[in-house]
Amino acid sequence: PVTFAPDCAKASEAAAALKMGEALLLENLRYYPEEEGKPVGIDKEDPAYKQAKEENEKRQIMELISVIIPIYNVEPYLHRALDSLLTQTYAGWEAILVDDGSPDACGAIADEYALRDSRFKVIHKVNEGVSKARNIAMAEARGKYLLFLDPDDFFHPQLMELCVEVAEKEAADMVTF
């Protein structure tokens, strides 16, 4: 499987642009900076966003991405991380959330997303650490590609689409960003 891992100049440039309050244009999608209390996101009414999403949904042959998300004591951040999956322009994904015995409401939040969207799968287990949680999720993964999302992070709406495009075009074993 191909692993997508964050670590490149474009990501830091994008983050810097967003912090400076600039609207960022990535692959013809306008990505807007965080405004008072509003999460970073995209304008779903933007014609470029609608076109990209429509084109992506037309793809009948999609390579499945398995998103691995270990969760433990991250209740304040979890909604934003999971919402970033729901805004992806690439629809061929599954998210495997491993509730590693979290003492907060993480397990309930994960269950709530699984009830709303069948692409979310939740595993509840006793706490054994993040490595064990990731390994359990990888054993359940069905995708050609693995993508790791830390629950206190979030993805740009085109992240999966662009990573699969590069992986397929370059026949890459790993895509880093």
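What's counted below: heavy atoms across the whole structure, side chains too, no hydrogens, waters or symmetry copies. Quantities reported herein were computed from a predicted structural model and do not represent experimental measurements.
To the nearest 0.5 Å, atoms CD (Gln158) and SG (Cys163) are separated by 11.0 Å. A distance of 5.0 Å separates CD1 in Ile109 from CG in Leu78, rounded to the nearest 0.5 Å. Met138 contributes atom CE, which lies 7.0 Å from atom CG of Leu146 (distance to the nearest 0.5 angstrom). Leu82 CG to Glu112 CD: the interatomic distance, rounded to the nearest 0.5 Å, is 9.5 Å.
Glu94 and Leu64 get closest at one heavy-atom pair: N-CD1, 3.9 Å. The nearest pair of heavy atoms linking Ile69 to Ala95 is CD1-CB, 4.2 Å. Heavy-atom minimum distance, Val74 versus Cys106: N-SG, 3.4 Å. Pro70 and Pro151 get closest at one heavy-atom pair: O-CG, 3.1 Å. Among all heavy-atom pairs drawn from Tyr90 and Glu161, the shortest one is CB-N, 3.6 Å. Of all non-hydrogen atoms in Val122 and Ala110, the two that sit nearest each other are CG2-O, 3.4 Å.
Taking the charged nitrogens against the carboxylate oxygens, Lys169 and Glu165 have no contact shorter than 4.0 Å, which rules out a salt bridge. Salt-bridge annotation for Glu140 and Lys121: absent, with no side-chain N of the basic residue lying under 4.0 Å from a carboxylate O of the acidic one.
With hydrogens and angles disregarded, a donor-acceptor distance shorter than 3.5 Å links the side chain of Gln88 to the backbone of His156. The closest donor-acceptor contact from the side chain of Ser84 to the backbone of Phe154 lies at 3.5 Å or more, if one exists at all. In terms of modelled atom types and a separation under 3.5 Å, the side chain of Glu75 and the main chain of Asp104 share no donor-acceptor contact. Between the Arg119 side chain and the Gly92 main chain, no donor and acceptor come within less than 3.5 Å of each other. Using a distance-only test at 3.5 Å, with no hydrogens or angles considered, no donor-acceptor pair links the side chain of Thr87 to the main chain of Pro157.
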List the steps and the verdict of salt bridge (Lys or Arg N to Asp or Glu O under 4.0 Å) for Arg116 and Asp111.
-> CA-CA 9 Å; Arg116 286 195 281 160; Asp111 289 340; over 6 Å; no

Apply side chain to side chain contact (heavy atoms under 4.5 Å, CB included) to Met160 and Val67, showing your working.
-> CA-CA 10 Å; Met160 291 186 208; Val67 183; 3.7 Å; yes

Verify side chain to side chain contact (heavy atoms under 4.5 Å, CB included) between Phe120 and Leu85, making sure each step is shown before the conclusion.
-> CA-CA 10 Å; Phe120 289 98; Leu85 296 177; 3.8 Å; yes

Test Ser102 against Ile71 for side chain to side chain contact (heavy atoms under 4.5 Å, CB included), laying out the working first.
-> CA-CA 7 Å; Ser102 188; Ile71 54 176; 5.8 Å; no

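In summary, the aromatic rings of Phe155 and Trp93 are positioned with their centroids too far apart to meet the 6.0 Å limit.
In this model, no donor atom of one side chain and acceptor atom of the other lie less than 3.5 Å apart for Asp100 and His124. For the residue pair Tyr113/Asp83, the side-chain donor-acceptor check at 3.5 Å is satisfied.
In Tyr72, the OH atom is crowded: over 12 heavy atoms of neighbouring residues, nucleotides or ligands sit closer than 6.0 Å.
Of the listed residues (Asp152, Leu147, Asp153), just one forms a side-chain contact (heavy atoms from CB on, under 4.5 Å) with Leu149, and that residue is Asp153.
Side-chain contact between Asp117 and Leu86 is present, with heavy atoms from C-beta onward closer than 4.5 Å.
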